[in-house]
Amino acid sequence: MSTGSSIELVFPDGSLRTFPQGTTGAQVAASISEGLGRTALGAVINGRQVELQRPIAESGTIKIVRWDDDEGKTMFWHSSAHLLAEALEALYGQVKFGIGPPIENGFYYDVDFGGHKLSDADLPAIEAKMLELAKNNSVFNWYLVPKADALAYFEAKGDHLKLDLLQGLQDGDISFVRHGNFTDLCRGGHVPHTGHIKAIKLMSVAGAYWRGDEKNQMLTRIYGVSFPKKALLDEHLLRLEEAKKRDHRKLGKELGLFMFSQKVGQGLPIWLPKGAALRERLERFMRQAQKEIGYLQVITPHIALKELYVTSGHYEKYGADSFRAIDTPSEGESFFLKPMNCPHHCEIYKGSPRSYRDLPLRLAEFGTVYRYEQSGELHGLTRVRGFTQDDAHVFCRPDQVKEEFKKVIDLIFKVFSALGFTDFEAQVSLRDQEDRSKYIGTEENWAKAEQAIIEAAQEKGLHTVTAYNEAAFYGPKLDFMVRDAIGRKWQLGTIQVDYNLPERFELEYVGNDNERHRPVMIHRAPFGSLERFIAVLIEHTAGEFPLWLTPEQAIVLPISDRFLDYAEKVLNQLNKCDIRASIDARGEKIGKKIRDAELNKVPYMLIIGEKEVEAGAVSVRKHRQGDVGSMSIGRFSDLIAEEINIKI
RNA sequence: GCCGAUGUAGCUCAGGGGUAGAGCGCUUCCUUGGUAAGGAAGAGGUCAUGGGUUCAAUUCCCAUCAUUGGCUCCA
């Protein structure tokens, strides 16, 4: 409660202190410690980010934020976007500004250059201008103006974008922020002055539709990132380099896993022998895991009549975005490439009468599906036009939904842990809260499905986040996001509850009351798609796959060609022990062979020479670790078997 | 689909109006070497494709295709 002359502020640690009315965030920070006073970038008061120099108007919660706080970075990058705008105006004059928000790793500004075309080559000059302007230590002044004045200001400036933004704002006072020679419409939350921005890197230029709507004008978006210290920028750029080294497109090529062919078509991955073998091992692993918990494997064709997808609702929803229909020469039939496996599985369900005793019926298929994706969206293996889902559909009674859902969660846990994804979170994807026209099915069924997901996730103790407008058009989802070895988030597995398809396909079972009932369907794919999963696995492991998956587990390195015969014998024995291996028979020195094997990320190198031949042994060297000593092949194969068992 | 960039040897890339270069890889020869690069020689490219400008285009211009960073979309 604030009195006339003082305010009370609650700090993040729960402590409460009283300050005179009109105290600024900066004064509060300085009162805590000299260090905080120096490093503070902003304040979060009652959940709102505000500048340190603003007097605090009312009592409430306060958090002084620094660079290390997320809010600190947000304010820092937001301020940097203003600085970018100032630089652009200084360099190019008549520039219209859209929005310039902070993002996960930096900031961007959407601008309209009129006729001028900006390219990457212009970025260094803009960067230099920003750094130059930053040195002015221009204070970010936040102030209120009447809406009429705000309109007049941007009217005079001819900035139709800001005017458009203003239309959407409530009448009354509008907040502006001014620093140096630049004034912008802005909600607020800036660092004290531009001098804090010490290192800037403008990353790229891209097109972006105004307000994200493709019917609107396309603006030029400039992406950038900035830091309070040069060293932090260098570190950031190093991280990007590291990510680049792990890029699955690069590693996939280097390791001979997959390729694309212009003649085959964009977005259609081709699996090379090593990649295909890796993929098969993943499939085998999944088949086994599913078999253990009662899934039945099925196989369905790659095309189906249009009517199937009319029934399922996919035609109405995605017909226009599908590959063109395949028409038969004389019968006038119209087929579509399979974009989903579920309609086929529904037909399997329908193929014979079902009793409540048959449920749950769990049909699994590594189903290859084809979807027309816009050309600009294709990306390596993560976004393709033809891919294989580790798909399955659980048909069950309404009373079994939650239990079945939980079993699927367990399966996903098992898969993730076997593959080393220990850090993940689950996202409950629900409908758009306003626009429900995008979805099919009754309100009642949606409510039931959403409830089942939320409860199952809770009972499994999952840490979940809720995302609206992320549901599939026929039902809500539980999506699993894993965090990879360098901290990036990827969406992998998904589980979806569906009351709608059973309805549309008129699926039934006979209950113990001898009446007909409608089953519920659960769609699920722990990997999501094999393509995408392998892409993520490549980037997560940097191409150093778990031993049980890796295409080449060992390589035999003879010291000279005098030992080639023995090398062949060793290879034979390895094959017998089911160890995937090859021989490096080149006329190179051992150092070179070792180097190449290390670079190729082969887990084990078996070096053989005079000593090994005499002892009937191999000298084992482990990738990244070095020499682990000499042993018999039997011992080596035990070693490998042991390592595989620990990991799965 | 839209905006920007890119496309030269198997890979990574340099070059530049007068029909091309490096490193790695590959082949052959010499070397027979003990835990991250031994030496030499050689093969390999219609400079993405199609037009245009020019005496001459891989180089400049246009279009197409593909890749790529974004936007939109994502069953």
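Throughout, a chain's letter reflects where its sequence line sits, starting with A, and its residues are numbered from 1. As the structure is a computational prediction, the values presented were derived from the model and not from experiment.
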Exercise for review: Provide the Watson-Crick or G-U wobble partner of B:U54, both distances under 3.5 Å; none if there is no partner.
Suggested key: none
Check your understanding: Any side-chain heavy-atom pair from A:Met521 and A:Cys342 closer than 4.5 angstrom?
Key -> yes
Check your understanding: Which part of the nucleic acid, if any, lies within contact of A:Gly587, taking any heavy atom under 4.0 Å across all strands shown: a base, the sugar-phosphate backbone alone, or nothing?
Key -> base
Check your understanding: In Watson-Crick or G-U wobble terms, both distances under 3.5 Å, what is the partner of B:C13?
Key -> B:G21
Exercise for review: Assign A:Gly265 to base, sugar-phosphate, or nothing according to its heavy-atom contacts below 4.0 angstrom with the strands shown.
Suggested key: nothing
**Study point:** Separation of the C1' atoms in B:A9 and B:A36, to the nearest angstrom
**Key:** 27 Å
Practice item. Could you check whether A:Glu612 gets within reach of a base, just the sugar-phosphate, or nothing at all, counting any heavy atom under 4.0 Å? Key: base
Check your understanding: With a non-hydrogen cut-off below 4.0 angstrom, is A:His379 in contact with a base, only sugar-phosphate, or nothing?
Key -> sugar-phosphate
Point to revise | A:Arg211 with A:Asp164: basic N within carboxylate O range, under 4.0 Å | key: yes
Review point. Are any side-chain N or O atoms of A:Arg532 and backbone N or O atoms of A:Gln491, one a donor and one an acceptor, separated by less than 3.5 Å?
Key: yes
Point to revise | Side-chain heavy atoms of A:Glu365 within contact of A:Ile348, under 4.5 Å | key: no
Exercise for review: Assign A:Gln266 to base, sugar-phosphate, or nothing according to its heavy-atom contacts below 4.0 angstrom with the strands shown.
Suggested key: sugar-phosphate
**Study point:** Partner nucleotide of B:U67 by Watson-Crick or wobble geometry (both distances under 3.5 Å)
**Key:** B:A5
Check your understanding: Using the ring of each side chain (for Trp, its six-membered ring), is A:Tyr372 parallel, tilted or perpendicular to A:Phe323, with breaks at 30° and 60°?
Key -> perpendicular
Check your understanding: Looking across every strand, which nucleic acid part, if any, lies under 4.0 Å from A:Arg249 by heavy atom: base, sugar-phosphate, or nothing?
Key -> sugar-phosphate
Practice item. Please determine which of A:Lys245, A:Lys244, A:Arg249 meets the side chain to side chain donor-acceptor pair (under 3.5 Å) test together with A:Asp247. Key: A:Arg249
Study note, to complete from the structure: Walking RNA chain B from its 5' end, the first of A:Pro339 and A:Ile594 to be reached, judged by nearest nucleotide, is A:Ile594
Check your understanding: Given that both distances must come in under 3.5 Å, which nucleotide forms a Watson-Crick or G-U wobble pair with B:C73?
Key -> none
Review point. Paired with B:C26: which nucleotide, if any, by Watson-Crick or G-U wobble criteria at under 3.5 Å for both distances?
Key: B:G42
Review point. C1' atom, B:C11 versus B:U67: distance in rounded Å?
Key: 16 Å
Practice item. Name the nucleic acid region contacted by A:Ile607, choosing base, sugar-phosphate or nothing; use a 4.0 angstrom heavy-atom cut-off, strictly under. Key: base
Exercise for review: Return the residues of residues 613-627 of chain A meeting this criterion: a heavy atom under 4.0 Å from some atom of RNA chain B. Order them by number, or give none.
Suggested key: A:Ser619, A:Arg621, A:Asp627
Check your understanding: When you compare B:C73 with B:A22, how far apart are their P atoms, in angstrom units rounded to a whole number?
Key -> 50 Å
Point to revise | Steps toward ring-ring contact (aromatic ring centres under 6.0 Å, His included) verdict (A:Phe473, A:His314) | key: CA-CA 9 Å; A:Phe473 76 95; A:His314 290 106; 5.5 Å; yes
Exercise for review: Indicate, with a heavy-atom threshold strictly under 4.0 Å, whether A:Glu254 touches base, sugar-phosphate, or nothing.
Suggested key: nothing
Check your understanding: Are A:Arg562 and A:Glu610 ion-paired here, with the side-chain N under 4.0 Å from a carboxylate O?
Key -> yes
Practice item. Using the C1' atom as the reference point in each nucleotide, state the distance between B:G10 and B:G44 in Å, no decimals. Key: 9 Å
Practice item. Could you give the distance separating B:G15 and B:G7 at their P atoms, to the nearest angstrom? Key: 10 Å
Review point. How would you label the contact of A:Tyr108 with the nucleic acid (heavy atoms, under 4.0 Å): base, sugar-phosphate, or nothing?
Key: nothing
**Study point:** Working for ring-ring contact (aromatic ring centres under 6.0 Å, His included), residues A:His345 and A:Phe395
**Key:** CA-CA 10 Å; A:His345 293 184; A:Phe395 298 87; 7.7 Å; no
Point to revise | Residue closer to the 5' end of RNA chain B, A:Phe260 versus A:Lys477 (nearest nucleotide) | key: A:Phe260
Study note, to complete from the structure: Any strand, both distances under 3.5 Å, Watson-Crick or G-U wobble: B:G33 pairs with none
**Study point:** Paired nucleotide for B:C47 [Watson-Crick or G-U wobble; both distances under 3.5 Å]
**Key:** none
Exercise for review: Using the six-membered ring wherever Trp is involved, compare the ring planes of A:Phe260 and A:Phe258 and label them parallel, tilted or perpendicular (cut-offs 30° and 60°).
Suggested key: perpendicular
Point to revise | First-last contacting nucleotides on RNA chain B - partner chain A, under 4.0 angstrom, heavy atom | key: B:G1 to B:A75
Review point. A:Gln374 near the nucleic acid: base, sugar-phosphate alone, or nothing, with a heavy-atom cut-off under 4.0 Å?
Key: base
Review point. Got a second to check how far A:Asn105's CG is from A:His236's NE2, nearest 0.5 Å?
Key: 5.0 Å
Exercise for review: Check every strand shown and say whether A:Gly609 touches a base, only sugar-phosphate, or nothing at a heavy-atom separation below 4.0 Å.
Suggested key: base
Practice item. Determine yes or no for a side-chain-to-main-chain donor-acceptor pair under 3.5 angstrom, with A:Arg221 supplying the side chain and A:Val111 the backbone. Key: no
Point to revise | Gap in Å between the two C1' atoms, one belonging to B:G16 and one to B:U8, rounded | key: 11 Å
Point to revise | Rounded distance in Å between the C1' positions of B:U49 and B:C65 | key: 7 Å
Practice item. For B:C3 versus B:U12, give the span between their P atoms, rounded off to a whole number of Å. Key: 28 Å
